[in-house]
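Throughout, residue positions are numbered sequentially from 1 according to the sequence presented.
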Amino acid sequence: MGRQAVGLTLCVLALAGCEFGSDSGNAEFIREADTICQRYERQIALIPQPQTFLRDFAVYMRRVVPIARDQNGELRNLEAPGDEAADFQRMITLMDQQLDLWAQAGEQAFAGNDQEAQTTFESSAGPAGEAQRIAGEIGFFSCARPGG
């Protein structure tokens, strides 16, 4: 169980691992978003990966989720090109939903509810997958993509 859970937490880096392609049609938007994502990727990379599911996972989530929320806040403040604005906002909303589930899973793990935490964390794959799909349509390559 521990190795599987630790492997799942590698998805946390997805939000911070943003690299954007040039297909979005707005180089300034891409450059600004890329700069934001790179800054947060470096912050999250400094946090040691959990070694156990319950306690380490909970502490890891308590450290990572606020950083990822800050990233989403900065991304939300960017002005996306008109034809991409709605999709970009939807992508960020899905990333927020994913973070809500990560925070909930972390608190469940902290309380010792291993199975609930595992289930909640696994349910974050839904919003993550949809955010990944939207990111691909916009022209982003790894933002919101597991293992990105």
Worksheet entry | Set of side chain to side chain donor-acceptor pair (under 3.5 Å) partners for Thr93, sequence neighbours left out | none

Would you name the heavy atoms of [X] and [Y] that are closest together and state the gap between them?
X	Y	answer
Asp87	Ile134	O-CG2, 3.3 Å
Pro127	Gln98	CB-N, 4.1 Å
Arg69	Ala103	NH2-CB, 4.1 Å
Tyr60	Ile44	OH-CG2, 4.3 Å
Ala85	Ala80	CA-CB, 3.7 Å
Phe57	Ala109	CD2-CB, 3.7 Å

Practice prompt. Give the ring-plane orientation class for Trp102 versus Phe121, where under 30° counts as parallel, over 60° as perpendicular and anything between as tilted.
Written response: parallel

From [atom1] ([X]) to [atom2] ([Y]), nearest 0.5 Å:
X	Y	atom1	atom2	value
Glu137	Met91	CD	CE	11.5 Å
Ile67	Asn72	CD1	CG	12.5 Å
Asn113	Thr120	CG	OG1	9.5 Å
Arg90	Glu130	CZ	CD	6.0 Å
Met95	Ser124	CE	OG	12.5 Å

Practice prompt. Decide if atom CZ of Arg55 counts as having more than 12 heavy atoms of other residues, nucleotides or ligands within a radius under 6.0 Å.
Written response: no

Discussion item. Using side-chain heavy atoms (C-beta onward) and a distance below 4.5 Å, is Glu74 in contact with Arg39?
Written reply: yes

Worksheet entry | Validation row: Gln104, Leu101 side chains within 4.5 angstrom (heavy atoms) | yes

Practice prompt. Answer yes if Phe110 and Leu99 sit in the same cluster of Ile, Leu, Val, Met, Phe, Trp and Tyr residues linked by side chain heavy atoms under 4.5 Å apart, and no otherwise.
Written response: no

Worksheet item: Do Val59 and Ile47 share a hydrophobic cluster (ILVMFWY, side-chain heavy atoms under 4.5 Å, transitive)?
Response: no

Discussion item. Could you walk me through whether Gln71 and Gln43 satisfy the side-chain contact (heavy atoms from CB on, under 4.5 Å) test, starting with their C-alpha distance in whole Å, then the side-chain angles of each, then the deciding distance to 0.1 Å, before giving a yes or no?
Written reply: CA-CA 10 Å; Gln71 174 186 284; Gln43 289 178 30; over 6 Å; no

Worksheet entry | For Val65, the option from Arg63, Arg62, Met61 that meets side-chain contact (heavy atoms from CB on, under 4.5 Å) | Met61

Practice prompt. Without swapping roles, check the side chain of Gln51 against the backbone of Gln49 for a donor-acceptor pair under 3.5 Å.
Written response: yes

